[in-house]
Amino acid sequence: MFRQGKGYAHGKVILIGEHAVVYNYEAIAIPIHTAKIEATVSMSDITSIHSSLYKGLLEHSPKSLLPIKKLIEKLQENLALPELHIQIDSSIQPHAGMGSSAAVAGAIVEAVYDYAELPLTIETRFDWVQFSDTIAHTNPSGIDALITASNDAIVFKKGSIPKYFPFELDAYLVIGYSGIEGETKLAVEHVANHYSDDKTRKLLDDIGNLSKNVILKLQTNQPASIGEDLNKAHNHLKALGLSIDRLDEMVEVALNNQAYGAKMTGGGLGGCVLALTPTKAIADHIATLWQTTTQESVWVLDLHKG
């Protein structure tokens, strides 16, 4: 009988706290369940991958897929698996700051364990995704490994246990990809190189304090005030040298069309922008305006359900 294994994951967005989280402040990550990844595993004569980025033998896969290549090889070794064919169907753009590498890894792990008919604990799944993400990002925080499998938002602080953070907010969140790949590693290095400057430390401190404010306001349903904090956060990230013209233009479009607030999200120097809006109609309108410029994907989240 032909056997298949299936695995699933989804994208994420950092609402606020990016970069400050590296320096022991809190960040808030929100799952994007409509940004889906599905992995399908089946037996094959030789291990191969079929995805939008590469189709062919695993051993010949490009350097950009090294984390996935190493993950699959390690899974095969540890679980004594045969040659496999892995199909990856993703609606998440790589290098967009949406957790693509962790989501792909998580979906593959689930699919392999499903194929092998083995139980998969949350802890084991997390460890496997971290194995892959460490190759991709050197020192991943672990938040992507958690949030890309979570139903709820997560509040994360370096060195602390992540807190699942369900909330309800009378607002919608629209996320749009700029069409320009983010440069997270370069952005993190840029901030680190300037961390000795008083201005840089003050900006990071301000972002960290805004994160604290937003956490409290999410619990008391204050979307308009949260929007103001998002605007401030974007200006601070811009002052750190982490935004680019395309991101600033997308923020301006959102603010000129009745958004409560808008900001870049993730590492920066490309990637995505998010905007908080009072109604779905406004969110959809901003999404359409963004797509007209970027010709790229957008997602609208109803935050009334968290």
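Worth saying up front: this structure is predicted, and the values here are computed from it rather than measured. For reference, positions follow the sequence shown, starting with 1.
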Is the backbone of I88 close enough, under 3.5 Å, to the side chain of S51 for a donor and an acceptor to pair up by distance? no

Test item: V273 and W290 side chains (from C-beta on) under 4.5 Å apart, heavy atoms: yes

Minimum side-chain heavy-atom gap K70-L66 below 4.5 Å: yes

Check whether any side-chain N or O of E117 sits under 3.5 Å from a backbone N or O of D114 as a donor-acceptor pair, and report yes or no. no

Rounding to 0.5 Å, atoms CD1 (I49) and NZ (K69) come to a distance of 9.5 Å

Show the nearest heavy-atom pair for residues M98 and A35, with the distance to one decimal. CE-CB, 4.0 Å

Mind checking whether I154 and F165 have side chains closer than 4.5 Å, heavy atoms only? no

Between atom NE2 of H50 and atom OG1 of T40, what is the distance when rounded to the nearest 0.5 Å? 11.0 Å

With a 3.5 Å distance limit and no angle check, can you tell me whether R201 reaches the backbone of S196 through a side-chain donor-acceptor pair? yes

Can you list every salt bridge (charged side-chain N to carboxylate O under 4.0 Å, His left out) pair that touches residues 204-221, not counting sequence neighbours? K202-D206, K217-D229

Tell me, do L203 and H19 make a side-chain contact under 4.5 Å, heavy atoms counted? no

Do C272 and T265 have side chains that get closer than 4.5 Å, going by heavy atoms? yes

Those residues at least two apart in sequence (or on a different chain) that pass side-chain contact (heavy atoms from CB on, under 4.5 Å) with D248 are H234, K238, S243

Apply side-chain contact (heavy atoms from CB on, under 4.5 Å) to L242 and M264, showing your working. CA-CA 9 Å; L242 302 173; M264 58 162 275; 4.3 Å; yes

How long is the gap from CG on L71 to CD1 on I86, to the nearest 0.5 Å? 9.0 Å

By salt bridge (Lys or Arg N to Asp or Glu O under 4.0 Å) - contacts of E189 (at least two apart): none

Following the transitive rule for hydrophobic clusters with a side-chain heavy-atom cut-off under 4.5 Å over Ile, Leu, Val, Met, Phe, Trp and Tyr, establish whether L84 and L75 coincide in one cluster. yes

Would I72 and I68 satisfy side-chain contact (heavy atoms from CB on, under 4.5 Å), going step by step from the backbone distance to the final call? CA-CA 6 Å; I72 294 168; I68 297 306; 3.7 Å; yes

By the definition side chain to side chain contact (heavy atoms under 4.5 Å, CB included), identify the one residue from V174, T34, L173 that meets it with W299. T34

I'd like to check the side-chain contact (heavy atoms from CB on, under 4.5 Å) partners of L120; sequence neighbours left out, ordered by chain and number. V109, E110, Y113, T124, R125

Going by salt bridge (charged side-chain N to carboxylate O under 4.0 Å, His left out), name the pairs with one or both residues in residues 32-60, residues two or more places apart or in two chains. K6-E38

According to a 4.5 Å side-chain heavy-atom criterion applied to Ile, Leu, Val, Met, Phe, Trp and Tyr, with indirect links allowed, do V155 and F126 form part of one hydrophobic cluster? no

So, taking the atom named CD in Q87 and the one named OG in S48, what distance separates them when rounded to the nearest 0.5 Å? 10.0 Å

Using atom types as modelled and distance alone, determine if a side-chain donor or acceptor of D302 lies under 3.5 Å from a backbone N or O of H304. yes

How long is the span from the CD1 atom in I92 to the CD1 atom in I32, to the nearest 0.5 Å? 7.5 Å

Students often mix this up, so state it plainly: with edges at 30° and 60°, are the rings of W128 and F131 parallel, tilted or perpendicular? perpendicular

Test ring-ring contact (aromatic ring centres under 6.0 Å, His included) applied to H33 - qualifying residues, sequence neighbours left out: H10

With sequence neighbours excluded, residues passing side-chain contact (heavy atoms from CB on, under 4.5 Å) with Y23: Y25, V191, A192, Y195, L204

Salt bridge (charged side-chain N to carboxylate O under 4.0 Å, His left out) pairs touching residues 11-31, sequence neighbours excluded, are K12-D144, E18-K263, E26-K163

Are any non-hydrogen side-chain atoms of T47 and Q76 less than 4.5 angstrom apart? yes

Take L303 and L276, measure what side-chain contact (heavy atoms from CB on, under 4.5 Å) needs, and give me the verdict at the end. CA-CA 10 Å; L303 299 183; L276 191 69; 3.7 Å; yes

Do L210 and L230 have side-chain heavy atoms sitting under 4.5 Å apart? no

dist I14:CD1 -> I30:CD1 (nearest 0.5 Å) comes out at 9.0 Å

Just jot down the salt bridge (Lys or Arg N to Asp or Glu O under 4.0 Å) partners of K157, sequence neighbours excluded, or say none. none

Counting distance only, does the side-chain N/O of S61 pair as donor-acceptor with the main-chain N or O of L58 below 3.5 Å? yes

Throw together a table of side-chain donor-acceptor distances under 3.5 angstrom for residues 250-260, partners on residues two or more places apart or in other chains.
| residue | atom | partner | partner atom | Å |
| --- | --- | --- | --- | --- |
| N256 | ND2 | E252 | O | 3.3 |
| N257 | OD1 | H285 | NE2 | 3.3 |
| N257 | ND2 | V253 | O | 2.8 |

Say whether V21 and V13 are linked into one hydrophobic cluster, either directly or through other cluster members, by side-chain heavy-atom distances under 4.5 angstrom. no

Sidechain-backbone polar pair: D89 side chain, I37 backbone, donor-acceptor under 3.5 Å: no

At their closest point, which heavy atom of V298 faces which heavy atom of G176, and how far apart are they? CG1-CA, 3.9 Å

Exam field: side chain Q295 to backbone Q291, donor-acceptor pair closer than 3.5 Å: yes

Considering residues at least two apart in sequence or located in another chain, which fulfil the side-chain hydrogen bond (donor to acceptor under 3.5 Å, both in side chains) criterion with E296? none

Go through the steps to decide whether Y164 and L146 satisfy the test side-chain contact (heavy atoms from CB on, under 4.5 Å), and finish with yes or no. CA-CA 10 Å; Y164 288 93; L146 292 172; 3.8 Å; yes

Going by heavy atoms in the side chains, are L186 and V188 under 4.5 Å from each other? no

Can you pull the salt bridge (charged side-chain N to carboxylate O under 4.0 Å, His left out) pairs that have at least one residue in residues 270-289, sequence neighbours excluded? K280-D284

Given 3.5 Å as the limit, does a donor-acceptor pair link the side chain of T277 with the main chain of I282, or not? no

Could you verify whether a donor N or O on one side chain and an acceptor N or O on the other, from S42 and H85, lie under 3.5 Å apart? no

